Amino acid sequence: MLGFITRPPRQLLSLLCTGHRLPRISVLCTQPRPRAMAVSSSTSWELPLVAVCQVTSTPNKQENFKTCAELVREAARLGACLAFLPEAFDFIARNPAETLRLSEPLDGDLLGRYSQLARECGIWLSLGGFHERGQDWEQTQKIYNCHVLLNNEGLVVASYRKTHLCDVEIPGQGPMRESNSTMPGRTLEPPVSTPAGKVGLAICYDMRFPELSLKLAEAGAEILTYPSAFGSVTGPAHWEVLLRARAIDSQCYVIAAAQCGRHHETRASHGHSMVVDPWGTVVARCSEGPGLCLARIDLNFLQQMRQHLPVFQHRRPDLYGSLGPLS
């Protein structure tokens, strides 16, 4: 049965009973899929487990790392092979000047600490939206919003620089001018093979551009990632709708780790981190506040979906053009 509810393992139950302090962990809840889709050759506990972490970053990088590390260690203890952190997991600054001051290169101290954490825990890490000082920092004095993927040996196996920058004015949410401090990336990153499946990298605002998700899916992605810091106005209106649409469009799992709560006096985020399956069902979501949720990735189900609904075979590039090569 593919629709399932996770129950904490016995060791977690014992910790809860003894009053041990743990991050908030959300229980999986799914809606039933069509009967023809709900067949898998694997039992649910044989499927790879992923953890989606939800945090409230502040300008304090040390405290942010402490919070994220606690969640990653808990994810590893629960058996996750890959943990996803949200956009701006490193910090959320009060203004562009502070953002630039707090930024680091990929070979800096903070990424080194996350590499060590991945090695210690034996877990892959999706670090969604690191404020990266690139090699052109001295010339541009701007950074990149960089999604970094570490393997369980702490090595950088992929990095994607956000291509769509969020320059918007939403009434009631305040203006966002990401380009004031950030340069757009120039290329997409090919999907990466991980213990959970082939992962395509994206970041937050990218989810509003279905061409990107379709291109990653055509390149072999089975899981799309949208680490985010959605606002308090666009979040309730668009967050879940967009994530479910991208899952259905691309026939991929969609994993979206999110910032939540108030970061400082001028910024707050929507939260509601979630995992969506290729049918468009939300199979896991975080509750309010920092914590994590867990989901199992069933690639057999994904392949069944694509066989039952072979939409990529039915595309008409003769009418509306081809998406072209990945890079």
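Heavy-atom basis, side chains included; hydrogens, waters and symmetry copies ignored. Everything quoted here is computed from the prediction, not taken from an experiment.
Considering all non-hydrogen atoms of both residues, I143 and S103 come closest at CG2-OG, 3.5 Å. Heavy-atom minimum distance, T56 versus C260: OG1-O, 2.6 Å. For the residue pair P236 and G231, the shortest heavy atom distance occurs at CD-O, 4.2 Å. Here the closest non-hydrogen pair linking S250 and R306 is O-NH2, 3.8 Å. The shortest heavy-atom contact between S181 and T99 is OG-CG2, 4.2 Å.
Listed by chain and residue number, A69, R77, L117, E120, C121 satisfy the side chain to side chain contact (heavy atoms under 4.5 Å, CB included) test with R73 (two or more places apart in sequence, or in another chain). Under the rule for a salt bridge (charged side-chain N to carboxylate O under 4.0 Å, His left out), the partners of R161 that lie at least two apart in sequence or sit in another chain are E132. Not counting sequence neighbours, the partners of H131 by the ring pair (Phe, Tyr, Trp, His ring centres under 6.0 Å) test are F91. Residues passing the ring pair (Phe, Tyr, Trp, His ring centres under 6.0 Å) test with F89 are Y114, sequence neighbours excluded. For N152, the side-chain hydrogen bond (donor to acceptor under 3.5 Å, both in side chains) criterion is met by no residue, not counting sequence neighbours. Listed by chain and number, the residues in a side chain to side chain contact (heavy atoms under 4.5 Å, CB included) with Q62 are N60, R113 (sequence neighbours excluded). In terms of the salt bridge (charged side-chain N to carboxylate O under 4.0 Å, His left out) criterion, residue partners of E87 (sequence neighbours excluded) are, by chain and number, K162. Partners of E138 according to the salt bridge (charged side-chain N to carboxylate O under 4.0 Å, His left out) rule, which considers only residues two or more places apart in sequence or in another chain, do not exist here.
Dense packing is recorded around CD of Q141, with more than 12 heavy atoms of other residues, nucleotides or ligands lying under 6.0 Å away.
Without hydrogens or angle criteria, H147 side chain to A202 main chain gives a donor-acceptor distance under 3.5 Å. The main-chain N or O of L309 is found under 3.5 Å from a side-chain atom of Q251 such that the two form a donor-acceptor pair. Of the possible polar contacts, none joining the D277 side chain to the Y253 backbone as a donor-acceptor pair under 3.5 Å is found.
Hydrophobic clustering, defined by side-chain heavy atoms of Ile, Leu, Val, Met, Phe, Trp and Tyr closer than 4.5 Å, groups M183 together with Y144. With side-chain heavy atoms closer than 4.5 Å counting as contact, directly or through intermediates, I248 stands alone and belongs to no larger hydrophobic cluster. Applying the 4.5 Å side-chain rule to ILVMFWY residues, one finds I170, M176, Y205, F209, V233 in the same cluster as V168.
Between E240 and R244 there is a salt bridge, with a side-chain nitrogen of the basic residue lying less than 4.0 Å from a carboxylate oxygen of the acidic one. Using a cutoff of 4.0 Å between basic side-chain nitrogens and carboxylate oxygens, R101 and E98 are scored as salt-bridged.
A chain of hydrophobic side-chain contacts below 4.5 Å, direct or via other Ile, Leu, Val, Met, Phe, Trp or Tyr residues, connects V156 to L110.
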Taking distance alone, no hydrogens or angles, what donor-acceptor pairs closer than 3.5 Å link side-chain atoms of residues 188-198 to residues at least two apart or in another chain?
from: T194; atom 1: OG1; to: A196; atom 2: N; distance (Å): 3.1
from: T194; atom 1: OG1; to: G197; atom 2: N; distance (Å): 3.3
from: T194; atom 1: OG1; to: G197; atom 2: O; distance (Å): 2.7

### Message
Please evaluate residues R94 and H263 with respect to the criterion side-chain hydrogen bond (donor to acceptor under 3.5 Å, both in side chains), reporting the C-alpha separation (whole Å), side-chain torsions for both, the decisive distance (0.1 Å), and the verdict.
### Response
CA-CA 9 Å; R94 298 176 182 86; H263 309 288; over 6 Å; no
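In summary, the side chains of H264 and T58 do not present any donor paired with an acceptor at a separation below 3.5 Å, with no hydrogens or angles considered. Between Q259 and S228, the side chains place no donor N or O within less than 3.5 Å of an acceptor N or O (distance only, hydrogens not considered). Looking only at atom types and distance, the side chain of D249 has no donor-acceptor partner in the side chain of S213 under 3.5 Å away.
When V55, L71, V52 are each tested for a side chain to side chain contact (heavy atoms under 4.5 Å, CB included) with L292, only one passes: L71.
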